[in-house]
Structure formats: structure tokens, C-alpha cells
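Okay, structure first, notes after.
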Protein chains: 2
Amino acid sequence: MQPILTNRQKQIVEYLRMSQRETGVMPSTREIQHYFGFASQTAAMSHLRALERKGVIQRLPGKARAVVFPGDLDRGEIADIPIYGSIAAGMAQDAEPEREGSIALDITALGIRHNARTFALKVRGDSMIDAHICNGDTVILEFRQPRKGDIVAALIDGETTLKRYVVEKGKPFLRAENPDYPDLIPARELVIQGVLVALLRHAA
Amino acid sequence: MQPILTNRQKQIVEYLRMSQRETGVMPSTREIQHYFGFASQTAAMSHLRALERKGVIQRLPGKARAVVFPGDLDRGEIADIPIYGSIAAGMAQDAEPEREGSIALDITALGIRHNARTFALKVRGDSMIDAHICNGDTVILEFRQPRKGDIVAALIDGETTLKRYVVEKGKPFLRAENPDYPDLIPARELVIQGVLVALLRHAA
DNA sequence: CGGGGCGGTGTTCAAGCGAAAAGATTTTGC
DNA sequence: GCAAAATCTTTTCGCTTGAACACCGCCCCG
């Protein structure tokens, strides 16, 4: 059930949200006053009181700028997962190490540990299509040792690809989830860069 | 390039993060003082100054509790997308309207408009497997009119399913992306509850 | 061995800021 | 139509809080 807000109260909430997003801190009552052109700071106070009564915000009495949206509190920890370019899931190609933005999401909801080294890559190609990983998907990877059957980003013979990590007869190798692509047997080295923990697809 | 922090400075940062997550506001210098058992508030001050010098935090001079992590600022808007139970992508079943938690993520990164009515559903079944939507995936839907070829959650003849929205000869109907499942031709009503905008998969 | 960064203590000051008391006017909901 | 909200103004008070100054011991590094 949504609380009913007046127009003015919606404006106040919108200003609070904007201020929080742009400056990082909540406005003081006097900042609210000046923003809306009030002649007195008490006007802002009473609006905050009204919003608190309706449960839209919570305040910590006596503390400065202590306005919180309750929904923001029971949110888990939000982490910025950097996107390190794209990765070939088709033909083996070099993966660029440049950071190309990041995605922010609630990592506890995904079961990602806080101190895990996590990063994301855009998938290029369709060699993992039978694992339902498509061209253009963003995969979120965690740096750790892989288990059999994990999908991994691996540096095999100098190039990075996304493949399934398979062990047969004690020998690890990489398998594409697409019959058109061959298995990759490491000639010398098989360096695992990350294990897939989540996938994010963005409908066009 | 990561700035080098001393142990004490790491503790301070950790406390700032904890305070921000649990109380919703940044601690004042005196709160930092008491938490660490400092005899003077200046100790907290100098730590904050050091952290600012190293670029870990930013401060707004003269303002109370005005400590921000720069990374949190250039993040887009984070929204809590409620999860309304699960949805059948196989056999048609009722979708429960109960809210079962939510996921928080940066919606601008996904191209979701701010005032869009967005919600999420867990996928049950494999009738959309050829569209690479698996059992257990979480689909994020936006309430709007569907276009041809969109994947939609639809209420068809009293039950909710996830299917592709297809129009042929001017007549809309729903198609499963799995040859084992038949098309669904609406007998009376075809109510679209949401259009797929994103998908989140969580590796076990 | 001398300087600089780190990690503090003690004190003082002024601005920042929430809060309360006492109205006034308008809108809204039974 | 009346009471309860909503939306403000003026004024005053006092805790909260950032900030500055002076000073101390420690350890590392060249």
C-alpha cells in the first residue's frame, strides 16, 4: 500500500532524492528552505515531519541531515562491478583490459561475497549458446579456482575466451557449448581469469 | 590505480561504509571519535583529511556529515525492483501476486526509465528455452504496450505465462519458444502484464 | 640524524542545524 | 459545515558539528 502524498510533498521527496544522488548527502532543513524559496526553515521541518508520519522517510532525531528512505536501508550492499571490455565466446581474440564503465547492483542478492574480486565482461559471439549465453550478454565473473563444469573466462595460449571448464582423465580443457566450435586443449598454459557467477541480459 | 591505505585508514573507511549501510547517514567526526575510542575529535578529522587527500572520500566543506565516496556519485539511479513471485514459462499456472523480496540495481545502465512500472518474476519451466530464458532465471518486466516479437508476461484466459507476443493476420497470440509447447490463442482476453526488458541469471 | 608521514591529545570557536512555541491561511475529508 | 490536515511565517534556543591551533610520540627513509 502506497502512502498518499500531496504535490508539495512529492516535490520535497524528489528534491531529497536528487540531492542524495547529485551531492551524495541529504539537504539540511535550511537547504530545503532555500531551494523552495521558503521564508522560514520551519516550513521544511513540518514537511519532513509529515513525510515521516506517512512513513516515506525516517529521521534520526538530533542528528544533522539524518533523513533516510526506509527502502534504502534493507537493501544489501551495492557494489560497482567494473566492466573490462568484451570477451570472445566465439573465435578466440584478445580481451581488452580497459575499463568500460560499470554496473551497480545488490551483490548480496546474487550471493557474491563482499571481498570477492568480481568483474564483468560483455560476451561476443555465440559459442556458449547451448548454455544459453548469448551474444551481447554481460557475464559477471568472480576470480577463484574453478570447479568441474563451471563456465570460466580463461586465458588459453595467450587469448581469452568464455568456455566451460571440463576435466577428463585428470586433464583440464575448455569446451564450447556449441557443436560448431571445437574443444580447446591448452598447449602450454591454462590461466583461469574468472568463474561465471551471474549473467545480465538487456533486451533491446 | 588503488590508493595505498594504512590499516587505521582501512578501518575508518570500513566504519564509514558500515554506518552508511546500517544507519543510512555518515557519522560525524565525534561519532567516529567515540566508535574508535579517541580522546579527541581531531583524530577523526585528520583521518578524514588523509582519506580525502588520497581520493578515497570527498567532503563538502562546512556541511555536516558530508562525506561521500566518489564512486557512489557517478552511479546512476538505483531502484528496488520488487519480485512478485514466479511465473510459468511452461505449463500455464497462476502467478502469485505476493511480493517476495526485491533486487536493487542501477536502472539507468539497463535503460529503464525512471517512472516506468517495473517488476520482476522468477521463471519456472523451460518453454522459453529457445529464447535462452531458463528455469530459475529472473526476468525484469516493464508495464507497457508490447510490440511484435516482444517477450511478455501475459494473463491469458485467467492464467499468467511468459511467452513471445506475436501478431499474424492482425490477430495477437502467444508463442512458446520451445517446439514442445503449443501456441496460445486467446479465447477471450489477452492482458499483457509486462514486457521483458532484462534478465538476470544467478549461477548456482 | 633530520624530516616527513602517521596517529594521536586537549582546547576553543563559530557556524551548521534541528527543534519548539505561536500563529495565519487554505484545502481536504467526512 | 466543521475538524483535521496541509502549507506556510517569525522568532528564539541550544545542541551538533566542522574547523583551527598548538603540541606530542613514533617509525621509516634517505
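Predicted model, so just to flag it, every value in this text is computed and none were measured. The sequence lines fix the lettering, A, B, ..., with proteins before strands; numbering per chain opens at 1.
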- Message: Could you work out how much the helix from C:dC1-D:dG30 to C:dC30-D:dG1 bends, comparing the axis of its first five pairs with that of its last five, to 10°?
- Response: 50°
- Fit a plane to each ring of A:His47 and A:Phe38, take the angle between them on a 0 to 90° scale, and name the class: parallel (under 30°), tilted (30 to 60°) or perpendicular (over 60°). parallel
- Message: Once rounded to the nearest 0.5 Å, what's the spacing between atom CD1 of B:Ile83 and atom OG of B:Ser102?
- Response: 6.5 Å
- Looking only at side chains, do B:Tyr181 and B:Asp130 share a donor and an acceptor under 3.5 Å apart? no
- Message: For A:Met45 and B:Ser46, find the nucleotide of DNA chain C closest to each by heavy atoms; which residue's nucleotide sits nearer the 5' end?
- Response: B:Ser46
- Message: What's the separation between atom CG in A:Leu200 and atom CG in A:Asp137, rounded to the nearest 0.5 Å?
- Response: 8.5 Å
- Item | For DNA chain D, the residues among residues 56-67 of chain A that have a non-hydrogen atom under 4.0 Å from it | A:Gly62, A:Lys63, A:Ala64
- Can you list the steps and then say if B:Phe36 with B:Tyr15 is a ring-ring contact (aromatic ring centres under 6.0 Å, His included)? CA-CA 9 Å; B:Phe36 287 97; B:Tyr15 173 59; 5.8 Å; yes
- Message: Applying side-chain contact (heavy atoms from CB on, under 4.5 Å), can you list everything that pairs with B:Ala104, at least two apart in sequence or on another chain?
- Response: A:Arg75, A:Ile78, A:Asp106, B:Ile78, B:Asp80
Using atom names, set out every protein N or O paired with an N or O of nucleotides 11-14 of chain C below 3.5 Å, distance rounded to 0.1 Å.
| from | atom 1 | to | atom 2 | distance (Å) |
| --- | --- | --- | --- | --- |
| C:dT11 | O4 | B:Thr42 | OG1 | 3.3 |

- Under a 4.0 Å N-O cut-off, is there an ion pair linking A:Asp150 with A:Arg144? yes
- Item | Nucleotide nearest B:Ser28 when distance is taken to its side chain, options D:dC8, D:dA20, D:dG18 | D:dG18
- Taking side-chain hydrogen bond (donor to acceptor under 3.5 Å, both in side chains) as the test, write out the residues that go with B:Thr138, two or more places apart. B:Lys122
- Task: Produce a footprint string for nucleotides 24-30 of chain C: one letter per nucleotide, 5' end first; B if the base is under 4.0 Å from any protein heavy atom, S if only the sugar-phosphate is, - if neither.
- Result: -------
- Of the listed C:dG7, C:dT9, D:dT7, the closest approach to the A:Arg8 side chain comes from D:dT7
- Atom-to-atom span, CD1 of A:Ile4 to C1' of D:dA4 - whole angstrom: 15 Å
- Answer yes if the side chains of A:Arg17 and A:Gln20 hold a donor-acceptor pair under 3.5 Å, and no otherwise. no
- Message: So that I can tick it off, tell me whether B:Lys163 and B:Glu177 are bridged by a salt bridge, with the cut-off set at under 4.0 angstrom between side-chain N and carboxylate O.
- Response: no
- Query: Which of parallel (below 30°), tilted (30 to 60°) and perpendicular (above 60°) describes A:Phe119 and A:Tyr84?
  - Reply: tilted
- Item | B:Glu31 backbone acceptor or donor facing B:Ser28 side chain under 3.5 Å | yes
- Would you kindly say whether B:Arg30 and B:Gln33 are connected by a side-chain donor-acceptor distance under 3.5 Å? no
